[in-house]
Amino acid sequence: MNTPSTEDTLLLYGQAFASRLLLGTSRYPSPTVLQAAVERAQPAMLTASLRRQNLSPGEAAPNHFWAMLREMNIPVLPNTAGCHSMQEAITTAHMAREVFATPWLKLELIGDDYTLQPDTLNLVEAASRLIKDGFKVLPYCTEDLVLCQRLVDVGCQAIMPWAAPIGTGKGPINPYALRTLRERLSVPMLVDAGLGLPSHACQVMEWGFDGVLLNTAVAQALDPVRMAGAFANAVQAGRAAFLAGAMPEHHSAQPSTPVLGTPFWHQT
Amino acid sequence: MKLLINGTPHELPAHATLADAVAHLGIAPPFAAAINLQFVPNTQYHQTPLHQADRIDLIAPVTGG
């Protein structure tokens, strides 16, 4: 079996990760299925979020998700999902750092509710402030080259461009921009959002992206556990192909069987 | 005094602190707190006074993508 070298680890902010797949924890049919999918995929990190506890006095209940997260013992990547202003994102980030006891952060700053497109005008400043506050920021961003360059300029040591809007499963809708981005920037880049099939993940890994972050594509599959395994294999295959180096593409056919000695050659 | 906790109106005694609001709801860790969109570290709850119409958010881990 062609497996990537054990030395081919994903490096984010100087920290090594054995897997190049990051997995979200939402929208699974049940906590049991989530846990089984995580077991199958063996992701580098699991994303999680924070929401209000709407309780009446004395109604407190145990947080089963928290217990499961601790039991799975995989590094947590808190997100700032749903934040629409810089202050919301920064405050949520600080709250997440305290609750999850980690400086890692998936910075989401939404600019448009319909497409869930990041607020690219304020994302850079938010990332800059959080990095100065000691966060290891992984910004969810578009594939815009200049935006991504600015994120790197303010200290992001890795970035997470989308393939397509969150939850659409469309796969990379702008291959030219994604591939250009990969060519122009050398920081680790994880494709986050919009992947629907293992072939999408394999494709972006073949292009040289360093990893993928998935949620809905696994959680909403008919069999999420099997799909988690399929994505894990696809990410490994794509990475191995990138490292192996693809053959050059040709415009016209090139026979793979030798022509020399072909029987009956031009006898008719 | 009247204030909002997670968007719901609550009434607490004058001079109440953030620790009193937490105790009022009986929330168990893990959670984090903010007042009027400003994060308050958990070491500061007892020293953080509340004021009329403050908006308190107490948020806990949930699944996320």
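Below, chains carry the letters A, B, ... as their sequence lines are ordered, and counting in each starts from 1.
- Contact of A:Phe100 with chain B is made through the side chain alone, with heavy-atom distances under 4.5 Å.
- Heavy-atom contacts from other residues, nucleotides or ligands closer than 6.0 Å to CD of A:Gln42 number more than 12.
- Residue B:Leu58 touches chain A through its backbone alone, counting heavy-atom pairs closer than 4.5 Å.
- Residue A:Ala81: no heavy atom, backbone or side chain, is found under 4.5 Å from chain B.
- A donor-acceptor contact shorter than 3.5 Å links the side chain of A:Thr25 to the backbone of B:Gly64.
- In this structure, the side chain to side chain donor-acceptor pair (under 3.5 Å) partners of A:Glu71, at least two apart in sequence or on a different chain, are A:Gln35.
- Taking every heavy atom of both residues into account, B:Gly65 and A:Asn79 meet most closely at O-ND2, 2.9 Å.
- Applying the ring-ring contact (aromatic ring centres under 6.0 Å, His included) test to every pair with at least one member in residues 119-138 of chain A, sequence neighbours left out, gives these pairs: A:His94-A:Phe135.
- Interface check for chain B: of the options A:Met68, A:Arg97, A:Met95, the most heavy-atom pairs under 4.5 Å are formed by A:Met95.
- Counting heavy atoms from C-beta outward, A:Arg51 and B:Ile59 have side chains that stay 4.5 Å or more apart.
- Panel note: side chain A:Asn63, backbone B:Ala60; no donor-acceptor pair is recorded below 3.5 Å.
- Residue B:Ala33 touches chain A through its backbone alone, counting heavy-atom pairs closer than 4.5 Å.
- When the side chain to side chain donor-acceptor pair (under 3.5 Å) test is applied to A:Ser26, the partners found at least two apart in sequence or on another chain are B:Thr63.
- The nearest pair of heavy atoms linking A:Gln87 to B:Leu37 is NE2-O, 3.4 Å.
- Contact of A:Glu98 with chain B is made through the side chain alone, with heavy-atom distances under 4.5 Å.
- By a heavy-atom distance cut of under 4.5 Å, A:Lys106, A:Glu108 are the residues of residues 105-127 of chain A near chain B, going up by number.
- Expressed to the nearest 0.5 Å, how far CG of A:Leu50 lies from CG of B:Asp57 amounts to 11.0 Å.
- With respect to chain B, the highest number of heavy-atom pairs below 4.5 Å among A:Leu213, A:Thr47, A:Asn215 belongs to A:Thr47.
- In this structure, chain A has no heavy atom under 4.5 Å from any part of B:Pro29.
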